[in-house]
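Step one of this worksheet: look at the structure below.
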Amino acid sequence: MVIGGGQGGIALGARLRQLGVPALVIDKQERPGDQWRKRYKSLCLHDPVWYDHLPYLPFPANWPVFSPKDKIGDWLEMYTRVMEVPYWSSSTVRSATFTDGRWSVIVDRSSGVVELTPAHVVFATGMSGKPNKPDFPGQDIFRGEQQHSSEHPGPEAYRGKKVVVVGSNNSAFDICGALWEHDADVTMVQRSSTHIVKSSSLMDIGLGDLYSERAVAAGVTTDKADMIFASLPYRIMHEFQIPLYQEMASRDADFYARLEKAGFRHDWGADGSGLFMKYLRRGSGYYIDVGAAELVADGRVKLAQGQVAHLTSSSVVLDDGTELPADLVVYATGYGSMNGWVADLVDQETADRVGKVWGLGSDTPKDPGPWEGEQRNMWKPTQQENLWFHGGNLHQSRHYSLYLALQLKARYEGLPTPVYRLAESHHRG
């Protein structure tokens with residue numbers, strides 16, 4: 001059973017189908033792709049199309065370089081049908097229990113509650129895990145609207161309204177930009193420094209040799225690019241990334257000067273290695289600029305610095321006493337570890353035994369050591385027998401779904417599958 005029917009679950013479902021492994025992908029949404037359709041209206045992939053193909057069936061040649069969310073949602077729905085992925089929609093997992101080598105999974109469907117007994121359970125609930133919804137004093141007396149970024153419907157209803165967006169990463173910038181375009185009075189609250197890279201520079205310097213029209217013309221297919229990228233050990237990857245981001249810093253020096261003059265706190269990662277290492281280490285702390293950072297640099301989106309102290313009936317108050325009037329507060333405060341879903345559906349003991357999911361153990365901010373050598377608990381056996389994690393961006397969902405599917409295929413066929421060493425659990429979440 002694959003719990004979660006976004007791009008990760010669908011890609012893995014397609015792999016298992018091709019390998020002849022009986023599997024079922026389940027998701028609470030009504031249709032495949034709703035995970036994208038129901039996000040904020042301006043959501044668009046910041047990765048280029050060559051980076052985002054799904055297994056077996058690439059995007060058409062005329063597909064846009066950067067896909068809007070509804071187009072991705074429709075593609076996932078079509079892909080599920082064409083690849084004949086066994087998929088249950090409108091199905092919510094209520095609990096999962098592991099006993100004597102099998103799982104008992106209770107699923108709530110529109111037709112009633114059913115018990116399924118798979119040998120293996122894969123959590124494909126998104127590498128970002130559960131939404132981090134902060135608990136601030138005064139939230140109960142605030143008279144306006146409050147939303148986590150995952151719940152934000154889009155900007156249309158907030159024309160002329162005062163909006164405070166708490167956060168300064170990808171979702172925060174996307175939401176601020178769309179609200180500003182719809183004439184809202186927008187203030188971004190930056191609580192910690194953020195790494196920003198301009199999309200055009202990232203596509204050219206960071207991805208151009210592997211995932212681009214230029215790369216395809218040079219004979220670097222997506223599959224070949226995946227293998228090239230995966231062949232570089234994580235231990236030394238930052239050494240190859242640092243000069244790329246130094247080149248981006250030089251190319252866009254004027255932009256960064258204006259951004260910092262506006263008061264924005266910018267960083268290049270703990271060791272100057274930029275976006276990809278931040279993503280692999282912590283899955284947060286960055287924004288690929290497609291225009292919204294220019295709004296902050298120019299002062300069109302207002303910027304406030306500090307931690308939220310409390311809310312009043314009509315404002316957000318920061319720790320330095322700054323009061324920001326608000327009709328809407330959007331908490332772009334990110335997501336927790338995937339093992340949070342295990343705590344909810346299995347139990348806290350199992351979640352703690354598995355431990356934190358994602359990160360390399362680089363001992364940099366939000367990626368505590370010790371060194372893991374690979375993504376923590378992803379795509380491999382965990383401390384809980386027959387429990388797996390799968391996810392990440394479209395690139396990782398495509399590439400690593402093969403290796404997870406092969407491990408499951410071997411077990412299905414009864415082949416010996418000795419594990420060299422299970423990853424130890426050093427952090428609960």
Side-chain angles (χ1 to χ4, degrees), residues 1-28 55 80 83-89 91-109 114-127 129 337-347 349-358 374-392 396-423 425:
M1 173 181 286
V2 181
I3 301 175
Q7 69 261 14
I10 289 171
L12 181 59
R15 297 281 196 190
L16 293 170
R17 175 80 171 176
Q18 292 294 307
L19 290 170
V21 178
L24 177 65
V25 181
I26 64 173
D27 195 271
K28 65 181 180 181
T80 303
M83 297 304 298
E84 299 181 325
V85 176
Y87 193 103
W88 279 6
S89 57
S91 300
T92 302
V93 176
R94 296 303 181 193
S95 66
T97 307
F98 187 74
T99 307
D100 297 329
R102 294 198 79 84
W103 289 91
S104 168
V105 183
I106 305 301
V107 182
D108 191 355
R109 307 196 73 203
V114 297
E115 179 186 12
L116 301 174
T117 56
H120 296 267
V121 166
V122 181
F123 278 79
T125 48
M127 74 86 175
S337 172
M338 286 177 73
N339 68 336
W341 294 113
V342 178
D344 284 356
L345 301 180
V346 185
D347 55 44
E349 180 184 356
T350 303
D352 291 344
R353 184 165 62 253
V354 170
K356 180 180 174 67
V357 180
W358 202 258
E374 53 190 357
Q375 287 291 342
R376 188 185 283 113
N377 278 320
M378 294 294 292
W379 313 299
K380 61 183 180 180
T382 67
Q383 288 287 348
Q384 171 57 54
E385 185 181 355
N386 293 19
L387 176 66
W388 310 75
F389 295 92
H390 171 59
Q396 290 169 308
S397 294
R398 172 188 66 248
H399 183 68
Y400 290 105
S401 60
L402 172 61
Y403 304 108
L404 176 50
L406 287 171
Q407 292 175 80
L408 293 169
K409 169 69 170 178
R411 286 160 173 79
Y412 174 67
E413 298 293 350
L415 299 177
T417 53
V419 176
Y420 167 66
R421 181 177 63 86
L422 288 175
S425 174

Heavy-atom pair with the smallest gap, counting every atom of [X] and [Y]:
X: Leu387; Y: Thr382; value: O-OG1, 2.9 Å
X: Ser91; Y: Arg109; value: OG-NE, 3.0 Å
X: Leu116; Y: Trp88; value: CD1-CZ3, 3.8 Å
X: Ala96; Y: Val105; value: CB-CG2, 4.1 Å
X: Asn377; Y: Gly355; value: ND2-O, 3.8 Å
X: Gly101; Y: Asn386; value: O-ND2, 3.7 Å

Contacts of type ring-ring contact (aromatic ring centres under 6.0 Å, His included), residue Phe98, not counting sequence neighbours: Trp103
With sequence neighbours left out, write down each residue that passes ring-ring contact (aromatic ring centres under 6.0 Å, His included) with Tyr403, or none if nothing qualifies.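 Listed in chain order: His399.
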[X]: partners by salt bridge (Lys or Arg N to Asp or Glu O under 4.0 Å), with sequence neighbours left out:
X: Glu385; answer: none
X: Arg376; answer: Asp367, Glu372
X: Lys28; answer: none

Side chain of Ser337, backbone of Val357: donor and acceptor closer than 3.5 Å? yes
Under 3.5 Å: donor-acceptor pair, side chain of Asp347, backbone of Thr350: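 Looks like yes, one N/O pair under 3.5 Å.
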So do [Y] and [X] actually touch side chain to side chain, heavy atoms under 4.5 Å?
X: Val107; Y: Met1; result: yes
X: Met83; Y: Pro55; result: no
X: Met378; Y: Gln396; result: no

Does [X] have any side chain to side chain donor-acceptor pair (under 3.5 Å) partners at least two apart in sequence or in another chain, and if so, which?
X: Asp352; value: Gln348
X: Glu84; value: Arg17
X: Thr92; value: none
X: Asp27; value: Gln35

Where does the angle between the aromatic ring planes of Trp379 and Tyr400 fall among parallel (under 30°), tilted (30 to 60°) and perpendicular (over 60°)? parallel
Which salt bridge (Lys or Arg N to Asp or Glu O under 4.0 Å) pairs, counting each pair once, include a residue from residues 403-413, with sequence neighbours left out?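 Non-adjacent pairs meeting salt bridge (Lys or Arg N to Asp or Glu O under 4.0 Å): Lys409-Glu413.
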Provide the full list of salt bridge (Lys or Arg N to Asp or Glu O under 4.0 Å) pairs with a residue in residues 93-107, sequence neighbours left out, each pair given once. Arg94-Asp108
Between Phe123 and Trp341, is the ring centroid distance below 6.0 Å?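 No: the rings miss the under 6.0 Å criterion.
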Which atom pairs, one a donor and one an acceptor, fall under 3.5 Å between side chains of residues 2-15 and the rest of the protein, sequence neighbours left out?
residue	atom	partner	partner atom	Å
Gln7	OE1	Trp36	NE1	3.0
Gln7	NE2	Gly392	O	3.4
Arg15	NE	Ser401	OG	3.0
Arg15	NH2	Arg398	O	2.7

Step by step, work out the side chain to side chain contact (heavy atoms under 4.5 Å, CB included) result for His120 and Trp388. CA-CA 8 Å; His120 296 267; Trp388 310 75; 3.1 Å; yes
